[in-house]
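Worksheet: one structure, shown below.
Along the sequence shown, the residues carry numbers beginning at 1. First listed ligand is number 1; within each ligand, the first listed atom is number 1. Quick caveat: nothing in here was measured; it's all calculated off a predicted structure.
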Amino acid sequence: MQETREKNLEQIKERLKIGPEQKIKIVGVTKNRTYEEIERLLNWGLKDLGENRVQELMRKTEWFPRQVSWHYIGHLQRNKVKYVVRIPQLVMVHSVDSLRLAKKISQEAGRVKRKIPILLQVNIAREEQKKGFSNQELREALPAIDSLKNIEVRGLMAMAPFTKDPEETRPFFAGLRELSSEIKEKNWEKINMVELSMGMSQDYQVALEEGATILRLGRILFSDKGGI
Ligand SMILES: *Cc1c(COP(=O)(O)O)cnc(C)c1O
C-alpha cells in the first residue's frame, strides 16, 4: 500500500516535471472540487489537501474521515478559529496574516490542548487585495509571536502576483526565501523557519527553483492536459 502510494506520487511528480530528488510536499487544493475529483487525487497517492474556506474544510473532512492531512490555506477570521483547531486531521494553517490571528489560534488551541503548526503569510508584492504581513510588520511581530505557547511557527507562506510570464514572479519568491533566512539568523526560542509554502499551478516551477518546500496546487492537478 505504502509502496504503491510512493510510486504514484513519483508519477505525479514526473507529470509535473518535478525531479524525483526534489524534497517537496504537494498540497492538493480542493476548493470547488467534487467528492469524486478529490477521491481521484487520493487514489493517486496525494495525502495532503488544502482548503481556503472553513465551512468547506469542515464538510470535506467528513467526506474523508481518516486518511487525509488537511492544510488550511485561506484567510481565517478570528471567530472561526475555534472550529479549525478542533479538526483532528488539521496539520497546518498556512495563512496566519496578523499577530491578532496568531494569538487567537494559540488561545483556542490551548483550550483543546493542541499545538497548531502554522506558517506566517507575507504579502510579498505588497498587493492591496492580498492578505499578509509586510516584511517590516512581520519583523516587528516576531517577538510577540515567539512567546505564544500553543502554536509552532514552521515557516512562511506567500502568493505571487498573477503575471503572464511566471518568470516575473521570481524576485518575489526569492524575497520570501531571503526573509526566511534573515529570520533564521536570530535566535528565536520557538520560531522555526523550515517551510516555504509558495508556488501554485502557474508558477510552481519558479517557486521550486527559489526554494519552495511546499507547493499548493489546484488547477494543474485537475486539468485534462497533464492533470491527473
Ligand atoms: C486556490 C489556491 C491555490 C491553488 O491555486 P491553483 O492556481 O489552482 O493552483 C493555492 N493557494 C491558495 C491560497 C489558493 O487559494
Side-chain angles (χ1 to χ4, degrees), residues 9 12-13 15-18 22 24-34 37-38 40-42 44 46-61 68-77 80-81 84 87 90-98 101-102 105 116-133 154-170 172-173 176-177 195-228:
L9 262 180
I12 294 183
K13 283 169 94 175
R15 291 203 191 192
L16 295 170
K17 300 190 169 57
I18 298 173
Q22 286 268 15
I24 189 84
K25 176 164 283 177
I26 296 171
V27 174
V29 178
T30 55
K31 63 174 179 240
N32 308 323
R33 299 295 168 182
T34 62
E37 283 175 300
I38 301 171
R40 206 174 330 142
L41 277 195
L42 296 175
W44 267 90
L46 271 199
K47 189 165 174 291
D48 290 271
L49 299 180
E51 266 299 324
N52 68 340
R53 295 254 154 80
V54 174
Q55 208 77 7
E56 278 299 295
L57 177 64
M58 291 170 70
R59 201 156 73 97
K60 287 175 183 154
T61 50
V68 178
S69 300
W70 282 100
H71 298 246
Y72 188 75
I73 61 172
H75 177 58
L76 180 54
Q77 288 171 306
K80 297 202 174 139
V81 168
V84 172
I87 296 172
L90 177 86
V91 295
M92 188 172 274
V93 178
H94 289 228
S95 40
V96 178
D97 53 16
S98 71
L101 177 59
I105 296 174
I116 305 284
I118 68 153
L119 303 177
L120 298 165
Q121 182 173 353
V122 181
N123 188 352
I124 34 177
R126 312 290 303 263
E127 291 173 281
E128 282 281 325
Q129 73 279 19
K130 287 216 173 91
K131 300 281 179 187
F133 293 91
R154 306 281 303 151
L156 303 179
M157 177 271 214
M159 273 183 277
F162 185 81
T163 55
K164 271 230 175 73
D165 177 4
E167 191 54 37
E168 290 171 28
T169 61
R170 189 179 296 281
F172 300 111
F173 291 141
L176 193 72
R177 187 193 61 231
E195 307 290 359
L196 281 177
S197 170
M198 55 186 199
M200 307 180 10
S201 294
Q202 94 133 18
D203 52 25
Y204 70 92
Q205 286 293 358
V206 180
L208 262 180
E209 286 165 18
E210 295 301 331
T213 65
I214 302 177
L215 305 176
R216 306 178 313 271
L217 301 179
R219 286 168 300 158
I220 200 168
L221 295 180
F222 296 98
S223 65
D224 298 331
K225 284 184 243 109
I228 53 179

For residues [X] and [Y], determine if any side-chain heavy atom of one lies less than 4.5 Å from a side-chain heavy atom of the other.
X    : Y    : result
I214 : D48  : no
V93  : L101 : no
R33  : L41  : no
R216 : M159 : yes

Subject >> Per atom 2 (C) of ligand 1, closest listed option by heavy atom (R216, Q202, K31) >> reply: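 Among R216, Q202, K31, the closest heavy atom to atom 2 (C) of ligand 1 belongs to K31.
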
Subject >> Passing candidate, side-chain contact (heavy atoms from CB on, under 4.5 Å) with L46, options V68, I38, L221 >> reply: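 Going through the options one by one, the only one that passes is L221.
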
Original post:
When L156 is tested against each of L120, L119, V96 for side-chain contact (heavy atoms from CB on, under 4.5 Å), which residue passes?
Top reply: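 Exactly one candidate clears the test, L120.
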
Subject >> Under 3.5 Å side-chain donor-acceptor pair for E195 and T213 >> reply: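 The criterion, which ignores hydrogens and geometry beyond distance, is satisfied for T213 and E195.
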
Subject >> Heavy-atom nearest neighbour in the protein, as seen from atom 7 (O) of ligand 1, with distance rounded to 0.1 Å >> reply: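 Nearest protein contact, heavy atoms only, for atom 7 (O) of ligand 1 is R219 NH2, 2.7 Å.
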
Subject >> Protein residue, atom and distance nearest to atom 5 (O) of ligand 1, heavy-atom basis >> reply: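 Of every protein heavy atom, M200 CE, 3.5 Å lies nearest to atom 5 (O) of ligand 1.
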
Original post:
Is it the side chain, the backbone, both or neither of H94 that has a heavy atom closer than 4.0 Å to ligand 1?
Top reply: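 No part of H94 comes within reach of ligand 1.
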
Please list, in number order, the atoms of ligand 1 under 4.0 Å from a heavy atom of [X].
X    : result
L217 : 9 (O)
I73  : 11 (N), 12 (C), 13 (C), 14 (C)
N52  : 15 (O)

Subject >> M159 N/O under 3.5 Å from ligand 1 N/O >> reply: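 No - when backbone and side-chain N and O of M159 are compared with those of ligand 1, no distance drops under 3.5 Å.
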
**OP:** Output yes when the distance from some N or O of ligand 1 to some N or O of S201 is under 3.5 Å, and no in every other case.
**Re:**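 N/O-N/O distance under 3.5 Å: yes.
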
